[in-house]
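Everything numeric here is computed off the predicted structure, so don't read it as measured data. For ligands, and for the atoms within them, numbers begin at 1 and follow the listed sequence.
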Amino acid sequence: MNYINSPIEKIKFNKKELFVKRDDLLDKQFSGNKARKFYYFLQSDIKNIEKIISYGSAQANSLYSLSVLAKLKEVKLDFYVNHISSFLKENPDGNYKFALENGANIIEKNCDDIDQYINSILDEKMLFIEEGGRVKEAEYGIQILAKEINDWALENSIKNLKIVLPSGTGTTALFLQKNLSFEVLTVACVGGSDYLKKQFFHLEQDEKFHPTIIEMQKKYHFGKLYKEFYEMWIKVKNDSNIEFDLLYDPLGFLALQKVYDTNFVYLYIHQGGILGNETMLKRYKRKFE
Ligand SMILES: *Cc1c(COP(=O)(O)O)cnc(C)c1O
């Protein structure tokens, strides 16, 4: 696979200028921030490995991306999930469906400490990747993303740049900030700002490399449906002709809207994830239309 520099496009956001880094277009199969995070494993020689092991939700973007990685590397994937709803089992769609098609072995396992469980069954022929790619190896691919951004800013003589992206584990935002001199702004989509700050410390002790967390007035719960999310997503889609993810990006744009300052140039990172939109859109339509 050829890994190419993803394009940067200019769009209008609330009638103001916004640049978008189209990491959703990196590759047909292996795209978004999971591709950046797993790029190290794609590039490295894992000849001794027979199986990748990870865990997360049955609809996670990381499940799908790991299934692609496993296929490309010709190894098995065991992906542990807490629970698969009977509805999803009978009506597979989104990341779950496509991961199954790629041969992923999705295993239901209800236990208190899945990390501990996996560590207890691990042997030298298995490669364990923590939930959502929250691993130090992720820096390798994100460094390349940072370099692409830096080169673009230099070429276009942009000095007052700010980077914006929504966070789950915060791995992408953190490693971007570590590798860029521009300020990286993010918002916690999972577990709130305190959780996100802890994640930053988990990966980097030195706070000067931590991204800036935008605080929102309202507390949003991951995976829940909010009218303002849906409206924002539709508005951005209509204004830009770009489909963004429905789990993270609506909050990303609400946060950007809150802090947008015309003295700066903003670059929003499209982190992929639109395979999961199929499921989310059905839920949104049922609820709000
Ligand atoms: C995984 C994911 C995120 C969160 O990335 P982190 O590095 O865990 O913060 C954001 N957006 C999309 C579309 C994702 O798939």
Verify whether the ring centers belonging to His221 and Tyr226 lie closer than 6.0 Å. no

Hey, which of Gln271, Glu148, His270 is the one that makes side-chain hydrogen bond (donor to acceptor under 3.5 Å, both in side chains) with Lys21? Glu148

Can you list the residues that meet the salt bridge (charged side-chain N to carboxylate O under 4.0 Å, His left out) rule with Glu243, with sequence neighbours excluded? none

For ligand 1, output the ligand-protein N/O contacts shorter than 3.5 angstrom; if there are none, return none.
| residue | atom | partner | partner atom | Å |
| --- | --- | --- | --- | --- |
| ligand 1 | 5 (O) | Asn33 | ND2 | 2.8 |
| ligand 1 | 7 (O) | Lys37 | NZ | 2.8 |
| ligand 1 | 7 (O) | Thr172 | N | 3.0 |
| ligand 1 | 7 (O) | Thr172 | OG1 | 2.6 |
| ligand 1 | 8 (O) | Lys37 | NZ | 3.1 |
| ligand 1 | 8 (O) | Thr169 | N | 2.8 |
| ligand 1 | 8 (O) | Thr169 | OG1 | 2.6 |
| ligand 1 | 9 (O) | Gly168 | N | 2.7 |
| ligand 1 | 9 (O) | Thr169 | N | 3.4 |
| ligand 1 | 9 (O) | Gly170 | N | 2.8 |
| ligand 1 | 15 (O) | Lys34 | NZ | 2.7 |
| ligand 1 | 15 (O) | Asn61 | ND2 | 2.6 |

Suppose we call two aromatic rings close when their centres sit under 6.0 Å apart. Are Tyr220 and Phe229 close by that rule? yes

Does the ring centre of Tyr55 sit less than 6.0 Å away from the ring centre of Tyr80? no

Are the aromatic ring centres of Phe244 and Phe253 under 6.0 angstrom apart? yes

